[in-house]
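The figures here come from the full heavy-atom set of this structure, side chains too, leaving out hydrogens, waters and symmetry mates.
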Amino acid sequence: MDVVHERCAGIDIGKADVKVCIRVSGPDKRRRKEVRTFLTMTRDLLAMRDWLIAEGITVVGMEATGSYWKPVFYLLENDIECWLLNARHMKNVPGRKADVADSEWICKMVEHGLVRPSFVPPPEIRQLRDLTRYRTEVIRERTREAQRLEKLLEDAGIKLSAVVSDLLGKSARAMLEALIAGERDPEVLAEMVKASMRAKREILAQALTGRFRVLQWRCLLFFTGRRSASLIRHHSLRARGVSVE
């Protein structure tokens, strides 16, 4: 079989260590193989990189194993051409023997050009993607907490979400915080609304009339309600901070 890459390596990545196999041309024109194991600590990965550079390795292949491949790939990408390989594509390549180690098999497939790398975005795109994904997850968490809070209020017969369009708006939050703090009078709660919401004070007083037993109020509303309100504020600030960045 033709050799496509004269000096190549294959890395079998685990959580605690990586096994690296290199294949290079020896003095007698025969292919030389060497396998070493490194821990996944940064110091050991730097030692692995120095060894690969000293051996003149031009291409490194590694399997996309969870997120464990990222530190290895990111550390090597500026010095050596790195190939991230799809595990399903690798399994479809025939000819593997049962006693061949993963790192050696990866190295052989790279050596003979039997696999092709998956696309890995450049660092700038990766950072932007991570930021937008994080912001999306924060907003989802905020929405889930708001839904939990609404369900709690519905269970207690408080129909606030049927009157206000935004349960997380300024007026709604003021009423909810007073409700959590122990205010029971619907009229007092309805007076906390601002701007155009003041025209709905009468119906708000009706919506804020709940059916709480003392135990239900203290256990459910105090602990769950305060937690939800706190998390909603927390996620809102996080999302705002990500947007600013």
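- The shortest side-chain heavy-atom distance between Ile139 and Arg135 falls under the 4.5 Å cut-off.
- For the pair Glu124 and Arg126, the salt-bridge criterion is not met [side-chain N within less than 4.0 Å of a carboxylate O].
- Residue Leu84 holds its CG atom at 11.0 Å from CD of Glu77, rounded to the nearest 0.5 Å.
- Val72 is not connected to Met109 by any chain of hydrophobic side-chain contacts under 4.5 Å among Ile, Leu, Val, Met, Phe, Trp and Tyr, and they are in different clusters.
- In this structure, the side chain of Ser171 engages the main chain of Lys194 through a donor-acceptor pair within 3.5 Å.
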Given the rule in the side-chain contact (heavy atoms from CB on, under 4.5 Å) test, do Asp79 and Arg49 qualify, once you have shown the distances and angles that lead to the verdict? CA-CA 8 Å; Asp79 301 296; Arg49 182 196 63 184; 3.3 Å; yes

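- Listed here is the closest heavy atom pair of Thr209 and Ala205: OG1-O, 2.8 Å.
- Within the 4.5 Å cutoff, the side chain of Pro121 has heavy atoms near those of the Arg129 side chain.
- In terms of modelled atom types and a separation under 3.5 Å, the side chain of His112 and the main chain of Asp2 share a donor-acceptor contact.
- In the model, Arg31 has a side-chain atom that pairs as donor or acceptor with a side-chain atom of Ser25 under 3.5 Å.
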side-chain contact (heavy atoms from CB on, under 4.5 Å) between Val193 and Met175: does it pass, once the steps are laid out? CA-CA 8 Å; Val193 296; Met175 290 184 286; 3.6 Å; yes

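- Residue Asp44 holds its CG atom at 4.5 Å from CG of Leu39, rounded to the nearest 0.5 Å.
- Met41 and Leu76 are not part of a single hydrophobic cluster, where members link through side-chain heavy atoms under 4.5 Å apart.
- The distance from atom CG of Leu176 to atom CG of Leu208, rounded to the nearest 0.5 Å, is 8.5 Å.
- Between the CH2 atom in Trp83 and the NE2 atom in His5 there is a gap of 3.5 Å [rounded to 0.5 Å].
- With a 4.5 Å cut-off on side-chain heavy atoms, Cys21 and Glu34 do not count as touching.
- Counting heavy atoms from C-beta on, the side chains of Ile22 and Val35 never come closer than 4.5 Å.
- The shortest heavy-atom contact between Gly10 and Cys107 is N-CB, 3.6 Å.
- Ile11 and Trp105 sit in two unconnected hydrophobic clusters of ILVMFWY residues. Membership requires side-chain heavy atoms under 4.5 Å apart, directly or through other members.
- Distance check, rounded to the nearest 0.5 Å: CZ of Arg116 to CG of Leu85 gives 11.5 Å.
- Here the closest heavy-atom approach between residue Asp166 and residue Ala172 is recorded as O-CB, 3.6 Å.
- Val24 and Val3 fall into different hydrophobic clusters, defined by Ile, Leu, Val, Met, Phe, Trp and Tyr side-chain heavy atoms under 4.5 Å apart, directly or through other members.
- Contact detail for Ile106 and Gly61: the closest heavy-atom pair is CG2-O, 3.5 Å.
- Under a cut-off of 6.0 angstrom, the local environment of OH in Tyr68 is sparse, with at most 12 non-hydrogen atoms contributed by other residues, nucleotides or ligands.
- More than 12 heavy atoms of other residues, nucleotides or ligands sit less than 6.0 Å from atom CD of Glu154.
- Criterion: ILVMFWY side-chain heavy atoms under 4.5 Å apart, direct or through other members. Under it, Val20 and Val59 are not part of a common hydrophobic cluster.
- Scanning both residues, Trp69 and Glu63, for their nearest heavy atoms gives CB-O, 3.9 Å.
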Verdict with reasoning, Gln147 to Lys151, per side-chain contact (heavy atoms from CB on, under 4.5 Å): CA-CA 6 Å; Gln147 290 171 343; Lys151 183 179 182 299; over 6 Å; no

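- Remark: Glu55 engages Arg32 in a salt bridge, criterion side-chain N to carboxylate O under 4.0 Å.
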One pair to check against side-chain contact (heavy atoms from CB on, under 4.5 Å): Ile80 and Ile53. What are the steps and the verdict? CA-CA 8 Å; Ile80 305 172; Ile53 292 174; 4.2 Å; yes

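- How far CE of Met48 is from OG1 of Thr42: 10.5 Å, rounded to the nearest 0.5 Å.
- Applying the 6.0 Å contact sphere to CD1 of Ile203 captures no more than 12 heavy atoms from other residues, nucleotides or ligands.
- Proximity of a side-chain donor or acceptor of Ser103 to a complementary backbone N or O of Asp12 within less than 3.5 Å is not detected.
- Between Arg173 and Glu177 no salt bridge is recorded (no basic side-chain N to carboxylate O distance below 4.0 Å).
- Between Arg198 and Glu191 there is a salt bridge, since at least one side-chain N of the basic residue sits less than 4.0 Å from a carboxylate O of the acidic one.
- Scanning both residues, Ile57 and Val60, for their nearest heavy atoms gives CG2-CG2, 3.9 Å.
- For Glu137 and Arg144, the salt-bridge test passes: some basic side-chain N is under 4.0 Å from an acidic carboxylate O.
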